[in-house]
Amino acid sequence: MITIYHNNRCSKSRAGVALLEDSGKEFKIIKYLEDVPSKKELEEIISLLNIQPIDLVRKNEAIWKENYKGKDLSKEEILDAMLTNPKLIERPIIINGKKAVIGRPTELINSII
């Protein structure tokens, strides 16, 4: 089953949902601002993406700039920042089995569906 971590207020995330709908494949939407992933889930997502926690952070968000930018944060502190402020999590994230991508640009989603 394909899963998309989605924020409806984000145009890229809405485009990701539209692409999945157009594909005709079944998928599940997780509205991660409401249903915040656990630390373990977030670690699994980062592992599937094959990135570091900092690479999943939306660094242009005011929360990041005001509270975290310029600080030497550990991986744990970055994870905690995203869990406390899920708005910091880059989106959309699409997972299909053992493959995952951040759907920016949206066309990247095609590589795993």
Sub-4.5 Å side-chain heavy-atom contact between [X] and [Y]:
X      : Y     : value
Asp80  : Lys39 : yes
Val57  : Ile78 : yes
Ile102 : Asp55 : no
Arg58  : Lys87 : no
Asn67  : Asn85 : no

Roughly how far, to the nearest 0.5 Å, is the [atom2] atom of [Y] from the [atom1] atom of [X]?
X      : Y     : atom1 : atom2 : value
Ile4   : Ile95 : CD1   : CD1   : 10.5 Å
Leu108 : Ile94 : CG    : CD1   : 8.5 Å
Lys12  : Leu19 : NZ    : CG    : 12.0 Å
Arg91  : Asn8  : CZ    : CG    : 11.0 Å
Leu20  : His6  : CG    : NE2   : 10.5 Å
Tyr5   : Ile89 : OH    : CD1   : 9.0 Å

Minimum heavy-atom distance [X]-[Y], with the two atoms named:
X      : Y     : value
Ile112 : Asn96 : O-ND2, 2.6 Å
Lys99  : Leu48 : N-CD2, 4.5 Å
Leu83  : Pro37 : CD2-O, 3.1 Å
Ile46  : Met82 : CD1-CE, 4.2 Å
Asn7   : Ser13 : N-OG, 3.0 Å
Leu33  : Pro86 : CD2-C, 3.7 Å

Linking I/L/V/M/F/W/Y whenever any side-chain heavy atoms sit under 4.5 Å apart, do [X] and [Y] land together?
X      : Y     : value
Leu49  : Ile30 : yes
Ile2   : Ile29 : yes
Ile93  : Leu79 : yes
Val101 : Val17 : yes
Ile51  : Leu73 : yes

request  = Give every residue pair that meets the ring pair (Phe, Tyr, Trp, His ring centres under 6.0 Å) criterion with at least one member in residues 36-82, sequence neighbours excluded.
outcome  =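 Listed by first then second residue: Trp64-Tyr68.
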query = Taking only residues two or more places apart in sequence, or in another chain, which ones meet Glu44 in a side chain to side chain contact (heavy atoms under 4.5 Å, CB included)?
reply =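 Testing Glu44 for side chain to side chain contact (heavy atoms under 4.5 Å, CB included), a comparison that skips the adjacent residues, returns Lys40.
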key: Steps toward side-chain contact (heavy atoms from CB on, under 4.5 Å) verdict (Leu88, Ile63)   = CA-CA 8 Å; Leu88 292 176; Ile63 296 166; 4.2 Å; yes
task = Take Phe27 and Thr3 through the side-chain contact (heavy atoms from CB on, under 4.5 Å) test and state the conclusion after the steps.
result = CA-CA 5 Å; Phe27 65 97; Thr3 301; over 6 Å; no
query = Does a sphere of radius 6.0 Å around NZ in Lys59 hold more than 12 heavy atoms from other residues, nucleotides or ligands, not counting ones at 6.0 Å or beyond?
reply =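 Yes - once you tally the heavy atoms of other residues, nucleotides and ligands closer than 6.0 Å, there are more than 12.
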Lys28 atom NZ, over 12 foreign heavy atoms within 6.0 Å =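 No, the 6.0 Å shell around NZ holds no more than 12 heavy atoms from other groups.
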